[in-house]
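Worksheet: one structure, shown below.
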Protein chains: 2
Amino acid sequence: MSKKKEDLLHTSEILFYDHGFHSIGLKKIVTESGIAMMTLYNHFASKEELIMNVLQRREDRYMDHLNFFTNLLDEGTSHSAFVRIAVAHCRWLNDYASKGCLFLRAKEEYGATSDHPIVVKVNEHKYRLKQFIQSSDTSRSPEEVISLCLLLEGATALSESENTDTVVQQTIKMAERLFG
Amino acid sequence: MSKKKEDLLHTSEILFYDHGFHSIGLKKIVTESGIAMMTLYNHFASKEELIMNVLQRREDRYMDHLNFFTNLLDEGTSHSAFVRIAVAHCRWLNDYASKGCLFLRAKEEYGATSDHPIVVKVNEHKYRLKQFIQSSDTSRSPEEVISLCLLLEGATALSESENTDTVVQQTIKMAERLFG
DNA sequence: CTTTAGATAGAACGATCATTATAATTACAC
DNA sequence: GTGTAATTATAATGATCGTTCTATCTAAAG
């Protein structure tokens with residue numbers, strides 16, 4: 001991966017996350033990156049493809065994060081897999097995502113047509129997360145899987161209007177009560 | 001309230017909710033409403049003020065909805081106030097809000113400056129909801145208030161990627177378990 | 001050194017944006 | 001019916017959008 005391309009993806013993700021997709025122009029992105037416009041178009045065919053790559057990159061990091069911390073918490077604690085996922089998600093929230101879910105935001109801004117590539121990618125991401133949760137503990141019922149999904153989405157959304165520390169603390173308490 | 005103004009607010013809310021605030025132009029709104037552009041500017045000083053009025057109108061309807069159904073459920077059930085709020089919110093979700101929270105979406109799209117009028121209005125809305133929850137049962141602890149907020153936000157967010165009926169069913173189950 | 005590929009700045013494209021000006025038309029109160 | 005206010009259609013404003021073109025420049029590889 002070219003360093004320029006990586007820089008563009010990094011800067012784009014920050015700007016999109018802070019201001020939304022439609023309100024950030026490509027000019028702002030290249031200016032902020034200190035990279036020429038034609039270099040952006042050399043790496044990405046369009047703004048839409050840039051967004052797709054930003055989402056893919058963030059999904060990879062999120063899933064890696066979830067995998068790493070649920071495995072890390074595996075040893076030495078009596079927490080169930082579901083509680084560990086909640087804790088790992090809260091850590092992600094606290095470190096990288098106190099302004100909502102970038103995927104849902106993308107879906108909302110491009111939600112006109114449900115077959116839009118961006119919308120498809122977001123749906124796939126949510127499905128992947130659900131599968132990850134299900135496969136982390138196959139003894140859990142579909143209802144319990146939905147419950148954990150709801151808890152994670154709730155934590156993400158609530159930290160947009162409420163102190164993240166408070167949300168994280170309460171989320172873990174609820175996870176322990178529901179899945180402990 | 002002028003009928004034209006009401007029509008504009010109605011159409012704007014639908015379009016903004018379906019496509020986002022930045023991606024909907026005023027031209028689309030007046031075309032869809034069958035109303036002249038100058039009439040829009042006669043009723044609203046700017047797009048920002050139109051959005052503020054859309055949010056205010058939706059907040060009023062949401063709070064009326066919550067008030068009405070929590071009171072309705074009051075008689076004849078053994079549900080706690082917190083469970084009744086969850087049920088009322090789920091009904092709103094099912095009827096009007098299966099594509100996320102319009103307020104959070106506004107905050108996300110205009111979240112650049114935290115003193116932006118739209119952001120301020122959204123923060124006030126979330127605070128108002130929290131106060132409503134707290135005052136519905138003063139015996140509940142601050143932690144329990146946060147828990148219910150998280151449950152409501154989670155239900156709203158999850159119904160963007162999961163069948164709303166499923167989300168509603170599970171949300172009520174969780175509310176009964178947590179606050180029954 | 002020469003070649004080749006990638007990166008640069010800047011201008012230009014047509015489209016769309018929010019907003020305003022103009023002028024004609026409708027509707028309603030007195 | 002006359003006058004006042006609201007609504008209309010249309011065009012124009014200047015700004016910004018995504019995208020492309022051109023032409024110069026840098027950097028690395030042979």
Side-chain angles (χ1 to χ4, degrees), chain A residues 1-56 105-106 108-113 116-119 121, chain B residues 1-56 102 105-113 116-119 121:
Chain A
M1 163 93 65
S2 154
K3 169 160 162 40
K4 301 271 177 188
K5 187 171 182 181
E6 176 61 29
D7 285 353
L8 283 169
L9 288 170
H10 176 76
T11 305
S12 299
E13 183 175 333
I14 292 174
L15 289 175
F16 286 145
Y17 191 54
D18 282 349
H19 304 87
F21 296 91
H22 280 92
S23 71
I24 287 295
L26 297 183
K27 181 159 191 175
K28 189 105 169 186
I29 290 175
V30 297
T31 301
E32 197 87 3
S33 314
I35 291 174
M37 179 67 81
M38 279 312 296
T39 303
L40 187 154
Y41 272 96
N42 185 31
H43 287 298
F44 307 99
S46 63
K47 183 181 185 180
E48 177 179 318
E49 207 169 278
L50 171 63
I51 294 175
M52 293 285 281
N53 278 266
V54 166
L55 292 178
Q56 181 65 58
R105 288 170 57 179
E108 288 156 358
E109 285 200 45
Y110 294 93
T113 55
H116 191 294
I118 292 178
V119 175
K121 174 158 263 314
Chain B
M1 162 94 61
S2 157
K3 168 161 162 40
K4 301 270 178 191
K5 188 171 182 180
E6 176 61 29
D7 285 353
L8 283 170
L9 287 171
H10 176 76
T11 305
S12 299
E13 184 175 332
I14 292 174
L15 289 175
F16 286 146
Y17 191 53
D18 282 350
H19 304 87
F21 296 91
H22 279 94
S23 71
I24 288 294
L26 297 182
K27 181 158 193 179
K28 188 103 169 189
I29 290 176
V30 295
T31 301
E32 197 89 1
S33 313
I35 292 174
M37 179 66 81
M38 279 312 296
T39 304
L40 186 154
Y41 273 95
N42 185 31
H43 288 298
F44 307 99
S46 63
K47 184 180 185 180
E48 176 178 319
E49 207 170 279
L50 170 63
I51 294 175
M52 294 284 283
N53 277 267
V54 166
L55 293 178
Q56 182 64 57
L102 188 68
R105 288 170 56 179
K107 182 172 178 175
E108 288 155 358
E109 285 201 43
Y110 294 93
T113 54
H116 191 295
I118 293 179
V119 175
K121 174 156 263 313

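Chain letters run A, B, ... following the sequence lines, proteins first and then strands; every chain starts at 1.
- Note that the OG atom of Ser12(A) and the NZ atom of Lys28(A) stand 13.0 Å from one another [nearest 0.5 Å].
- Evaluation of the side-chain contact (heavy atoms from CB on, under 4.5 Å) rule for Thr11(B) yields Leu15(B), Glu32(B), Ser33(B) as partners, not counting sequence neighbours.
- Nearest approach of Glu109(A) to Gly20(A), heavy atoms of both residues: OE2-CA, 3.4 Å.
- Between Leu9(A) atom CG and Ile29(A) atom CD1 the span is 9.5 Å, to the nearest 0.5 Å.
- His10(B) meets the ring-ring contact (aromatic ring centres under 6.0 Å, His included) test with no other residue; sequence neighbours excluded.
- Atom CG of Leu8(A) and atom C1' of dT8(C) are 14 Å apart (whole Å).
- Computed from coordinates, the Lys3(A) NZ to dA28(D) P distance equals 14 Å when rounded to whole Å.
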Would you be so kind as to tabulate the donor-acceptor pairs closer than 3.5 Å made by side chains of residues 40-49 of chain A, with sequence neighbours excluded?
unit_1: Ser46(A); atom_1: OG; unit_2: Glu49(A); atom_2: N; d: 3.3
unit_1: Lys47(A); atom_1: NZ; unit_2: Phe21(A); atom_2: O; d: 2.9
unit_1: Lys47(A); atom_1: NZ; unit_2: Ile24(A); atom_2: O; d: 2.9

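- Going from atom OH of Tyr17(B) over to atom CD of Glu108(A) covers 8.0 Å, rounded to the nearest 0.5 Å.
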### Query
When every nucleotide of nucleotides 16-24 of chain D is labelled 5' to 3' by its protein contacts under 4.0 Å (heavy atoms), B for base, S for sugar-phosphate only, - for none, what sequence of letters results?
--SBBBB--
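- Rounded to whole Å, atom P of dA5(D) lies 12 Å from atom CG of Asn42(B).
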### Query
Reading DNA chain D 5' to 3', what string of ( ), [ ], | and . shows its pairs, if Watson-Crick and G-U wobble pairs count only when both distances fall under 3.5 Å?
|||||.|||||||||||.||||||.|||||
Between the protein and nucleotides 24-30 of chain C, list the N/O to N/O atom pairs that are separated by less than 3.5 angstrom.
none

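- Ile51(B) contributes atom CD1, which lies 7.5 Å from atom NE2 of His22(B) (distance to the nearest 0.5 angstrom).
- Side-chain proximity of Thr39(B) to dA7(C), dA6(D), dT8(D): nearest is dT8(D).
- Atoms NZ and CD1, from Lys121(B) and Ile118(B) in turn, are 10.5 Å apart once rounded to the nearest 0.5 Å.
- Here the straight-line distance linking atom CG of Leu8(B) with atom CG of Leu26(B) works out to 10.0 Å at 0.5 Å rounding.
- Distance, Ile35(B) CD1 to dA6(D) P: 15 Å, rounded to whole Å.
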